[in-house]
Asks: 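What follows is a single structure, and I will ask about it in a moment.
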Amino acid sequence: MKRVRTLPHHGARLLGIISVTTIVLSSSNASAQVNTDTLRPGPLREGLSGGVDGSFVKLGGNVELMDIGLGGRVQTLRFWPSTTERPNVPKSVQRMVYLMGNFHYTARGAQPILNQALLHGRFINMWHRRVGSAVFVQHQFNEFQRLRVRSIWGTSISIPLFQSPVFGASLGSGYMFEYNHISVFPGANDAPRTYEHRWSNFLGLKMTAFEGRLLGQSTTYMQPRWDKLSDFRFLEEVELLAKLNDSFGFGATFSFLYDSAPPTGVKNADTRIASNVRISF
């Protein structure tokens, strides 16, 4: 809960503008493709760990707006035995079970402008420090993409390309089965249910600066259909996170999504600029 105090007139007006701008920018993307590997302030820990995100804003008077965001993750992992005694060398993950979920709802007055939720689970098993496999499942809905249900099951090869104290790169590629149930736009001839086979490709880049106090990440997904490569989804997401300590951080995210064949009534491209606060435990 935030403690409320009286602000001078200009300060209150500025705070209101910043609050509304942040909510509008955070809600501008109703994309169905999402990045499930967001930055976190704390380092990877062996054993059980997790984190939470949450926000609630209610504005009244000249601007009637409510914004609710909830998210969380939990994971358990095991590292390969260390081959060096240097403490700043990143450890290599041998096995990981990861579960995350989020929900976001925004309404301007009585009119919803964002309503979406996601649940994602993944198991990674590295056969070698340089190559491994992953299986994943994901379920979501997104009202303003006309997406009533999307269920995804898949498997991929995971390849850590490079890893150092200040920079890391990883690559993944594999098969993904996708079930979609949409709300058909009135008068459109879209199929209400589709079953698709996609080629899922992933490229992740991570960096640290200022002795680990600033984290950066670029995440890229490219997912064409196996039977029609011109039907594809592309996601690019760039994150920055400033760490106050290993448990708390704040930052910003920019996302760009392109869907070459969205449902009728849905635009091809979405963008999002959002601020965020993250807690790890």
Side-chain angles (χ1 to χ4, degrees), residues 31 33-46 49 51 73 75-98 100 120-136 138 152 154-176 198-224 232-243 246 249 251-258 271-272 274 276 278 280:
S31 65
Q33 178 62 43
V34 294
N35 175 25
T36 59
D37 250 332
T38 55
L39 284 175
R40 62 206 68 174
L44 287 176
R45 300 185 182 94
E46 195 161 46
S49 63
R73 60 176 175 79
Q75 69 183 30
T76 178
L77 63 84
R78 185 169 70 187
F79 293 117
W80 285 98
S82 179
T83 58
T84 177
E85 296 183 358
R86 290 183 295 171
N88 62 338
V89 175
K91 296 180 179 179
S92 299
V93 173
Q94 183 180 28
R95 188 171 295 116
M96 181 173 71
V97 179
Y98 178 71
M100 64 84 66
H120 174 91
R122 182 164 72 249
F123 172 69
I124 297 176
N125 184 41
M126 300 299 293
W127 324 320
H128 184 272
R129 293 177 187 270
R130 294 295 183 182
V131 63
S133 60
V135 293
F136 55 89
Q138 181 171 303
I152 294 171
T155 184
S156 64
I157 299 296
S158 300
I159 304 174
L161 297 175
F162 181 79
Q163 195 172 32
S164 77
V166 296
F167 180 76
S170 58
L171 181 70
S173 184
Y175 166 78
M176 184 176 80
R198 292 187 177 270
W199 179 17
S200 181
N201 300 281
F202 162 85
L203 175 64
L205 305 175
K206 292 185 178 182
M207 56 79 67
T208 64
F210 302 106
E211 298 180 345
R213 293 191 295 272
L214 179 65
L215 309 179
Q217 175 172 278
S218 169
T219 304
T220 306
Y221 285 98
M222 182 68 173
Q223 297 174 334
F232 67 91
R233 298 196 188 96
F234 173 84
L235 172 70
E236 173 61 33
E237 185 164 288
V238 178
E239 297 179 81
L240 290 176
L241 186 72
K243 291 176 51 176
D246 284 346
T253 303
F254 169 77
S255 303
F256 172 77
L257 170 76
Y258 183 83
T271 60
R272 179 189 183 194
N276 51 62
R278 296 208 170 101
S280 291

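Computed from a prediction, not measured in an experiment: that's the story for all the values here.
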Asks: Using side-chain contact (heavy atoms from CB on, under 4.5 Å) as the criterion, list what pairs up with Tyr175, not counting sequence neighbours.
Replies: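 Phe177, His197, Trp226.
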Asks: For Val131, give me all partners under side-chain contact (heavy atoms from CB on, under 4.5 Å), at least two apart in sequence or on another chain.
Replies: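 Once residues adjacent in sequence are excluded, the partners of Val131 under the side-chain contact (heavy atoms from CB on, under 4.5 Å) criterion are Trp127, His128, Ile157, Ile159.
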Asks: Return the orientation label for the His120 and Phe136 ring planes: parallel under 30°, perpendicular over 60°, tilted otherwise.
Replies: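 Ring orientation, 0 to 90° scale: parallel.
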Asks: Could you measure the distance from the CG atom of Leu77 to the CE atom of Met126? Nearest 0.5 Å is fine.
Replies: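 The CE atom of Met126 is 12.5 Å from CG of Leu77, to the nearest 0.5 Å.
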Asks: Just to verify, what does Gln94 make a side-chain contact (heavy atoms from CB on, under 4.5 Å) with, not counting sequence neighbours?
Replies: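 In terms of side-chain contact (heavy atoms from CB on, under 4.5 Å), with neighbours along the sequence ignored, Gln94 is linked to Arg78, Trp80.
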Asks: Is there a donor-acceptor pair closer than 3.5 Å between any side-chain N or O of Glu46 and the backbone N or O of Phe79?
Replies: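 Yes.
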Asks: According to side-chain contact (heavy atoms from CB on, under 4.5 Å), who are the partners of Glu236, at least two apart in sequence or on a separate chain?
Replies: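 For Glu236 the side-chain contact (heavy atoms from CB on, under 4.5 Å) partners, ignoring immediate neighbours, are Ser218, Thr220, Phe234, Val238.
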Asks: Output all residues satisfying salt bridge (charged side-chain N to carboxylate O under 4.0 Å, His left out) with Arg213, sequence neighbours left out; order by chain, then residue number.
Replies: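 With sequence neighbours excluded, Arg213 shows a salt bridge (charged side-chain N to carboxylate O under 4.0 Å, His left out) to Glu211, given in chain and number order.
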Asks: Report yes if the side chains of Ile124 and Tyr98 come closer than 4.5 Å at any heavy-atom pair, otherwise no.
Replies: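 The answer is no; the side chains never approach within 4.5 Å.
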Asks: With Arg95, which residues qualify under side chain to side chain donor-acceptor pair (under 3.5 Å), at least two apart?
Replies: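 So Arg95 forms a side chain to side chain donor-acceptor pair (under 3.5 Å) with Asn125.
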Asks: State, yes or no, whether a side-chain contact exists between Met100 and Arg122 at a heavy-atom distance under 4.5 Å.
Replies: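 Met100 does not reach Arg122 side chain to side chain.
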Asks: Listed by chain and number, what are the ring-ring contact (aromatic ring centres under 6.0 Å, His included) partners of Tyr258, not counting sequence neighbours?
Replies: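 Tyr258 satisfies ring-ring contact (aromatic ring centres under 6.0 Å, His included) with Phe232 only.
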Asks: Using modelled atom types only, decide if a donor and an acceptor are shared between the side chain of Thr155 and the backbone of Ala134 within a distance under 3.5 Å.
Replies: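 Yes; judged by distance alone, with no hydrogens or angles, the pair exists.
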Asks: With a 3.5 Å cut-off and sequence neighbours excluded, list the donor-acceptor pairs that the side chains of residues 199-207 form with protein atoms.
Replies:
{"residue": "Trp199", "atom": "NE1", "partner": "Ser173", "partner atom": "OG", "Å": "2.8"}
{"residue": "Trp199", "atom": "NE1", "partner": "Asn201", "partner atom": "OD1", "Å": "3.0"}
{"residue": "Ser200", "atom": "OG", "partner": "Gln223", "partner atom": "NE2", "Å": "3.2"}
{"residue": "Asn201", "atom": "OD1", "partner": "Ser173", "partner atom": "OG", "Å": "2.8"}
{"residue": "Asn201", "atom": "ND2", "partner": "Trp199", "partner atom": "O", "Å": "3.4"}
{"residue": "Asn201", "atom": "ND2", "partner": "Met222", "partner atom": "O", "Å": "3.3"}

Asks: Within the structure provided, determine whether Arg130 and Ser92 are in side-chain contact (heavy-atom separation under 4.5 Å).
Replies: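 A side-chain contact is absent here, since even the closest heavy-atom pair is not under 4.5 Å.
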Asks: If the condition is side chain to side chain donor-acceptor pair (under 3.5 Å), which residues does Thr253 pass it with, not counting sequence neighbours?
Replies: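 Thr253 satisfies side chain to side chain donor-acceptor pair (under 3.5 Å) with Asn276 only.
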